[in-house]
Each structure stands twice: as C-alpha cells, then as structure tokens.
Amino acid sequence: MNLQLRLYTYLIGKKSFSKTSIVNLKNKLQKVTTCGFSFTLFFSDTDSAAKRIDDRSYETFLDKVRFNIVDSYNGLTERKATGYFKGQSGTMSETITIFDVYAFESADTSKVDNILKLLSDYSKHFDQECILLLFNDKAFMLYF
C-alpha cells in the first residue's frame, strides 16, 4: 500500500475527519514523501556547573549551527524551552535552544559528521557533561 493511500486510510479512521474533508485533502494533495531521517539537537545556556554561558558566545555558536544545518539540510525549526535539573542549591532552570531537522531520503547522511563535530565543539567550549541528541526518535546521550 503506498504512503498516500495509508495516509487517507488513517485519516478516514479518525472521527474528526468527514469523508468530504478527506476527498478535499486527496484532491489538493499532490504527493506525500517520507523523511529519510530526522534529528533534534538541544543546546543549554548553562555549563556543567550550572553557570550561565556568555550570551554573545552562545548566540555566535548557535548561528554557526544554524548556518551549518541550513547549508547541509536546507532548513530547521528552532524553538526555545525551559529545562529543569537538580543543582547544588536545589531545582534550577536553564533555557534550551532546540533545533529540529527533517531530511529527505536523498539527503547526504555523511553531513551528520559535521553536526557531530559541532556537538563536540559545543561540549568542550561550553563545558557540557553530555549532550542529548534525538535521531529518528531515539534518544542518545553523547559524552565527548
């Protein structure tokens, strides 16, 4: 069963969609393709000692990551979140910058090495104990 047919079948099974809306979707939808792979990167604005990273160097680094990802994979989605962790003085918070990347099947997976190099640089330069990476919905804790 092709992907478009599976998508239509899935939507028809949902109670919130009428058959008319499915037909309208089918008429408008030209093509459905799957992503070859996806990954999510998480960058904290604190170091392993829970000290805030200098805003200027943090943003400069994030710009480098943005450029690299857009150059390699044509785009990303960026969002901010608040993370909480247990520090020496109790529960502490940090701002997390999250980059979501979805690559087509034809994407060059060898460019992942560039991303891993950036993560290694981030870990060393900003004193990170480890880095969380989601790759195809699997979580990895990276220690450099």
Side-chain angles (χ1 to χ4, degrees), residues 1-17 21-22 24-144:
M1 185 183 310
N2 73 29
L3 184 60
Q4 276 181 292
L5 184 56
R6 287 197 325 237
L7 179 61
Y8 300 141
T9 304
Y10 170 78
L11 292 175
I12 289 170
K14 297 291 179 189
K15 302 294 182 218
S16 60
F17 291 94
S21 65
I22 298 301
N24 289 339
L25 173 65
K26 185 175 180 181
N27 291 335
K28 292 178 184 175
L29 191 62
Q30 298 297 314
K31 181 180 178 182
V32 175
T33 185
T34 58
C35 290
F37 60 94
S38 63
F39 59 92
T40 303
L41 306 173
F42 299 81
F43 297 101
S44 167
D45 71 344
T46 61
D47 64 18
S48 61
K51 285 182 14 190
R52 296 270 181 238
I53 296 171
D54 172 66
D55 286 342
R56 188 178 201 178
S57 58
Y58 181 68
E59 281 303 320
T60 299
F61 177 80
L62 292 178
D63 283 343
K64 184 177 175 181
V65 174
R66 287 179 194 104
F67 175 80
N68 190 296
I69 291 173
V70 170
D71 188 51
S72 298
Y73 301 105
N74 298 320
L76 62 88
T77 300
E78 180 176 337
R79 53 197 162 104
K80 298 285 187 188
T82 302
Y84 297 90
F85 60 96
K86 189 175 187 176
Q88 290 181 341
S89 59
T91 302
M92 302 182 74
S93 67
E94 61 189 349
T95 300
I96 310 289
T97 301
I98 303 168
F99 295 134
D100 295 307
V101 182
Y102 302 93
F104 293 105
E105 291 178 1
S106 61
D108 183 358
T109 55
S110 69
K111 293 180 180 181
V112 170
D113 289 340
N114 296 338
I115 303 302
L116 291 174
K117 170 76 170 93
L118 286 170
L119 294 177
S120 174
D121 291 349
Y122 170 73
S123 175
K124 292 171 186 161
H125 184 74
F126 296 112
D127 188 30
Q128 300 294 309
E129 181 181 349
C130 63
I131 299 171
L132 173 62
L133 167 71
L134 298 180
F135 189 85
N136 287 342
D137 293 325
K138 291 184 179 150
F140 298 90
M141 297 302 287
L142 305 177
Y143 296 85
F144 290 97

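Checked against side chain to side chain contact (heavy atoms under 4.5 Å, CB included), K51 has the following partners two or more places apart in sequence or in another chain: D47. Evaluation of the side chain to side chain contact (heavy atoms under 4.5 Å, CB included) rule for N114 yields N68, S72, K111 as partners, not counting sequence neighbours. Judged as a salt bridge (Lys or Arg N to Asp or Glu O under 4.0 Å), and not counting sequence neighbours, K64 has no contacts. In this structure, the side chain to side chain contact (heavy atoms under 4.5 Å, CB included) partners of E59, at least two apart in sequence or on a different chain, are L62, R66, K80. Judged as a side chain to side chain contact (heavy atoms under 4.5 Å, CB included), and not counting sequence neighbours, the contacts of A139 are L132, L134.
Listed here is the closest heavy atom pair of Y143 and E129: CD2-O, 3.4 Å. For the pair G75 and I69, the tightest heavy-atom approach, listed with the atom from each and the gap, is O-CG2, 3.7 Å. Here the closest heavy-atom approach between residue G87 and residue M92 is recorded as CA-SD, 3.8 Å. For the residue pair T97 and Y58, the shortest heavy atom distance occurs at OG1-OH, 3.1 Å.
Taking 4.5 Å as the limit, every side-chain heavy atom of Y122 sits out of range of all side-chain heavy atoms of V65. Using a 4.5 Å cut-off on side-chain heavy atoms (C-beta onward), F67 and D63 make no contact.
Atom CZ of F99 is separated from atom CG of L118 by 10.0 Å, given to the nearest 0.5 angstrom. Between atom CG of residue L119 and atom CD1 of residue I131 there is a gap of 5.0 Å, rounded to the nearest 0.5 Å. We find the CD1-NE2 distance between I53 and H125 to be 8.5 Å, quoted to the nearest 0.5 Å.
D113 has no carboxylate O lying under 4.0 Å from a charged side-chain N of K117, or vice versa, which leaves the two without a salt bridge.
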Show every donor-acceptor pair shorter than 3.5 Å between a side-chain atom in residues 36-46 and any protein atom, with sequence neighbours excluded, or say none if there are none.
residue : atom : partner : partner atom : Å
T40     : OG1  : D100    : OD1          : 2.9
S44     : OG   : T46     : N            : 3.0
S44     : OG   : T46     : O            : 3.3
S44     : OG   : T46     : OG1          : 3.0
S44     : OG   : E94     : OE1          : 2.4
D45     : OD1  : R52     : NH1          : 3.1
D45     : OD1  : T95     : N            : 3.0
T46     : OG1  : E94     : OE1          : 2.5

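Surrounding CG of D71 are more than 12 heavy atoms belonging to other residues, nucleotides or ligands, all under 6.0 Å away. By the 6.0 Å contact criterion, CG on N136 is enclosed, its count of non-hydrogen atoms from other residues, nucleotides or ligands being greater than 12.
Panel note: side chain S120, backbone L116; no donor-acceptor pair is recorded below 3.5 Å.
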